[in-house]
Amino acid sequence: MGSGRTVAVFGAYGHTGRFVVAELLERGFVPVLSGRDADKLRALAASHDGLDVRPASVDDPAALDRALAGAAAVVNCAGPFAVTGAPVIEAALRAGIPYVDVAAEIEANADTFARFRDRARAAGTVIVPAMAFYGGLGDLLATTAMGDWTTADEVHVAYGLSSWHPTAGTLAAGRVSRERRGGRHVRHTGGRLEYHDDALSVVEWPFPAPLGTRPVIGEFTMADVVTVPSHLAVPEVRTYMAVDAAQDLTAPDPSAPTAVDGRGRSAQTFLVDVVVRSGGAERRAVAAGQDIYAVTAPLAVEALHRILTGRTRTTGVASAGEMFDAPDFLRALSAHLSLDVRH
Ligand SMILES: NC(=O)c1ccc[n+]([C@@H]2O[C@H](COP(=O)([O-])OP(=O)(O)OC[C@H]3O[C@@H](n4cnc5c(N)ncnc54)[C@H](OP(=O)(O)O)[C@@H]3O)[C@@H](O)[C@H]2O)c1
């Protein structure tokens with residue numbers, strides 16, 4: 001196994017990081033376990049014989065450089081990304097290696113594009129933020145649904161989650177994002193992010209079978225409002241969340257996901273329904289699967305695999321839909337996602 005298969009995982013012992021480490025191993029990569037807590041890293045390494053442990057905190061550039069030394073790429077699974085994103089990207093740029101993260105934070109993802117676009121392109125390197133369930137999958141589906149359309153009037157991404165059971169990392173990311181917004185809401189309209197104080201309405205969304213029509217919170221804005229318009233000419237991008245799942249986030253004592261199968265997945269199911277409209281025409285791409293945290297691992301690792309085998313379409317900072325052949329990428333995940341595309 002050459003060094004071209006070595007991938008540093010920052011935040012390796014988090015809930016999502018563990019899925020990513022397992023997926024890397026399953027696909028023949030050699031993960032280097034990194035993160036801020038040496039004990040938690042060693043405990044994780046104990047269950048994966050022979051893996052390198054390299055503790056690093058984001059305020060220690062030399063430790064980050066040691067964590068990335070000899071790696072072919074780095075995947076950042078430690079959030080809030082408002083805190084971890086820029087330092088790990090800086091380290092990736094110093095090392096001259098590609099960077100992928102799983103950030104679901106709208107402002108942190110927008111920052112990655114704004115702060116690193118020029119430097120990453122000048123360096124000829126690849127940075128893919130939000131390479132995950134939120135932000136990445138919706139963008140791959142929207143790009144697939146667009147097909148040969150080069151522009152559209154609207155993209156709608158509806159999340160039909162059976163439940164959420166957020167991790168501590170999700171809740172922390174939500175808190176940081178809310179603070180950054182001063183408690184305001186955000187949406188993407190007229191080709192830009194707009195902050196507002198309007199009440200969020202509940203609407204009925206006609207999910208395909210087996211879910212059927214369900215109440216969703218309209219303008220429950222997710223990272224797709226950064227990734228989709230970063231490369232598709234669409235002025236209106238809206239995301240919707242099943243009411244039941246959204247309530248899990250605000251529950252007084254939210255419970256984390258519990259494993260129900262050998263892969264560590266929870267019983268949570270999801271359906272992501274993406275509708276693209278142009279003039280009077282409509283196109284749709286739908287993905288279904290199990291456990292939004294678990295499925296983030298094959299999404300991120302497929303991205304790493306394509307980056308390390310040269311199957312990319314650009315350099316610099318780009319979302320999944322721009323960086324990769326979106327329909328081909330989704331087809332490659334058929335073991336994890338069922339896909340239905342209607343043109
Ligand atoms: N876009 C998506 O669909 C998607 C999917 C999955 C996850 N995520 C995001 O990924 C992040 C992690 O989620 P998770 O489910 O894995 O949560 P988690 O189990 O709570 O893990 C969070 C991880 O981040 C680390 N971390 C937090 N702050 C850090 C800092 N300042 N420096 C270094 N490490 C830090 C934690 O380390 P300690 O234990 O030492 O605090 C832990 O390893 C969250 O931001 C979540 O929103 C996004």
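Remember, it's 1-based here, ligands and their atoms both numbered in the order they're listed.
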For ligand 1, which is the ligand I care about here, please tell me if [X] has any N or O atom under 3.5 Å from one of the ligand's N or O atoms.
X	result
Arg36	yes
Pro80	no
Tyr134	yes
Asp37	no

Look at [atom] and say which protein heavy atom is nearest, naming residue and atom and giving the distance to 0.1 Å.
atom	result
atom 5 (C) of ligand 1	Thr296 OG1, 3.4 Å
atom 7 (C) of ligand 1	Thr16 OG1, 3.3 Å
atom 34 (N) of ligand 1	Ala78 CB, 3.6 Å

Can you list the ligand 1 atoms lying under 4.0 Å from a non-hydrogen atom of [X]?
X	value
Val83	31 (N)
Ala173	45 (O), 47 (O)
Thr167	14 (P), 15 (O), 17 (O)
Ala132	1 (N), 2 (C), 3 (O), 4 (C)
Ala103	1 (N)

For [atom], which candidate among [options] provides the closest heavy atom?
atom	options	answer
atom 22 (C) of ligand 1	Ala168, Ala130, Ala108, Gly79	Gly79
atom 36 (C) of ligand 1	Phe133, Tyr13, Phe81	Tyr13
atom 44 (C) of ligand 1	Gly169, Gly14, Ala38	Gly169

Is [X] in contact with ligand 1, taking contact as a heavy-atom separation below 4.0 Å?
X	answer
Lys40	yes
Gly135	no
Ala172	no
Ile292	no

Would you say the side chain of Glu105 lies within less than 4.5 Å of the side chain of Pro80, judging by non-hydrogen atoms? yes

Partner of Phe207 under side chain to side chain contact (heavy atoms under 4.5 Å, CB included), chosen from Asp273, Val286, Thr213, Val272: Asp273

Does Val237 belong to the same Ile/Leu/Val/Met/Phe/Trp/Tyr cluster as Leu200, with side-chain heavy atoms less than 4.5 Å apart forming each link? yes

Can you tell me how far apart CZ (Phe10) and CG (Leu68) are? Round to the nearest 0.5 Å. 9.5 Å

What I want to find out is whether Asp224 reaches Arg238 closely enough, with some N-O distance under 4.0 Å, to be called a salt bridge. no

